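For reference, the structure discussed in these notes is given below.
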Amino acid sequence: MSILEQPTRQHAQPTRHDAQPTLQHAKPAKPIMTLDLQNDRNAPLIAVSGEVDMSTAHLISELAEHVITRRPARLVLDLSGVTFFSAHGISALLRTQRAAESAEVTLALRAAAPCVTYLLAVTSAGINLDIPVANASR
């Protein structure tokens, strides 16, 4: 499921000097970030790809919180497709972790991209991200 997409733009292009401008539809822009929810009753998987920044990070925690309300035994986050990860992404992970803990749902992080693991490693001294790392199979 694609959650956030950049808007497409229409450009007016005159065909002749005396003609009215016509609208040409641009190709749809590539999504900034996509979230893919694979529903498994016991361990749903949320796969994140693209940029996780101030305009997209909240979507991760909102979708995760929605899934957590169904009380699965475990929720798996796959961040292998992330191309940019900001501090807002850490905030989203912390919100998700708190929601999972309060609902007694195990939160597992599977296959994080290098930009994610770097930022998590750099900030680990000040933030306790106690998210168990799941192996590649569910």
Side-chain angles (χ1 to χ4, degrees):
M1 114 178 38
S2 179
I3 300 297
L4 183 64
E5 294 185 5
Q6 296 172 334
T8 57
R9 294 185 177 94
Q10 297 178 351
H11 299 283
Q13 298 277 332
T15 54
R16 299 184 316 209
H17 291 303
D18 60 338
Q20 294 288 355
T22 59
L23 290 179
Q24 293 180 346
H25 294 280
K27 290 181 182 178
K30 183 179 176 185
I32 296 169
M33 180 184 78
T34 58
L35 297 174
D36 182 46
L37 174 61
Q38 296 176 12
N39 264 325
D40 178 336
R41 182 164 165 72
N42 295 321
L45 170 73
I46 298 175
V48 182
S49 59
E51 299 178 12
V52 179
D53 60 17
M54 65 187 286
S55 66
T56 60
H58 66 97
L59 298 170
I60 297 169
S61 56
E62 289 173 10
L63 179 58
E65 289 168 2
H66 175 73
V67 171
I68 289 168
T69 61
R70 294 190 239 151
R71 305 265 185 190
R74 182 169 96 155
L75 172 60
V76 180
L77 295 177
D78 182 343
L79 304 176
S80 62
V82 173
T83 57
F84 176 80
F85 193 75
S86 73
H88 296 280
I90 292 176
S91 295
L93 291 179
L94 288 171
R95 280 192 306 275
T96 301
Q97 181 180 355
R98 282 191 296 270
E101 286 173 353
S102 67
E104 298 179 353
V105 172
T106 302
L107 181 63
L109 179 61
R110 177 178 103 172
C115 60
V116 176
T117 55
Y118 173 77
L119 194 55
L120 293 177
V122 169
T123 60
S124 66
I127 299 173
N128 180 17
L129 284 176
D130 188 25
I131 301 174
V133 178
N135 60 19
S137 63
R138 288 200 305 178

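Just so you know, these numbers use all the heavy atoms, side chains as well, and skip hydrogens, waters and symmetry mates. Everything quoted here is computed from the prediction, not taken from an experiment. Residue numbers count from 1 along this sequence.
At a threshold of 4.5 Å between side-chain heavy atoms, the hydrophobic network of Ile, Leu, Val, Met, Phe, Trp and Tyr places Leu59 and Val52 in one connected group. Phe84 and Met33 fall into different hydrophobic clusters, where Ile, Leu, Val, Met, Phe, Trp and Tyr are joined by side-chain heavy atoms under 4.5 Å apart, directly or via other members.
For Ala103, the side-chain contact (heavy atoms from CB on, under 4.5 Å) partners two or more places apart in sequence, or in a different chain, are Ile68, Arg71, Val105. A search for side-chain contact (heavy atoms from CB on, under 4.5 Å) contacts involving Leu119 returns Phe85, Ile90, Thr123, not counting sequence neighbours. When the side chain to side chain donor-acceptor pair (under 3.5 Å) test is applied to Thr117, no partner is found at least two apart in sequence or on another chain. Partners of Glu62 according to the side chain to side chain donor-acceptor pair (under 3.5 Å) rule, which considers only residues two or more places apart in sequence or in another chain, are His58.
Screening residues 44-53 for salt bridge (Lys or Arg N to Asp or Glu O under 4.0 Å) gives no qualifying pairs among residues at least two apart or on separate chains. Sequence neighbours left out, not one pair with a member in residues 80-100 passes salt bridge (Lys or Arg N to Asp or Glu O under 4.0 Å).
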Task: Worked verdict on Leu93 versus Leu120 for side-chain contact (heavy atoms from CB on, under 4.5 Å) - done: CA-CA 10 Å; Leu93 291 179; Leu120 293 177; 4.1 Å; yes
Task: Worked verdict on Gln38 versus Asp78 for side-chain contact (heavy atoms from CB on, under 4.5 Å) - done: CA-CA 11 Å; Gln38 296 176 12; Asp78 182 343; over 6 Å; no
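Among the candidates Thr96, Leu79, Leu37, the single residue satisfying the side chain to side chain contact (heavy atoms under 4.5 Å, CB included) test with Ile46 is Leu37.
Considering all non-hydrogen atoms of both residues, Pro72 and Pro44 come closest at CB-CD, 3.5 Å. Heavy-atom minimum distance, Gly89 versus Ala57: N-CB, 3.9 Å. Annotation for Arg70 and Asn39: closest pair NH1-OD1, 3.0 Å, computed over non-hydrogen atoms.
One distance of note links CD1 of Ile60 with CG of Leu35; it measures 6.0 Å at 0.5 Å rounding. Atom OG in Ser55 sits 9.0 Å away from atom NE2 in His88 (nearest 0.5 Å). To the nearest 0.5 Å, atom NZ of residue Lys30 and atom CD1 of residue Ile32 are 11.5 Å apart.
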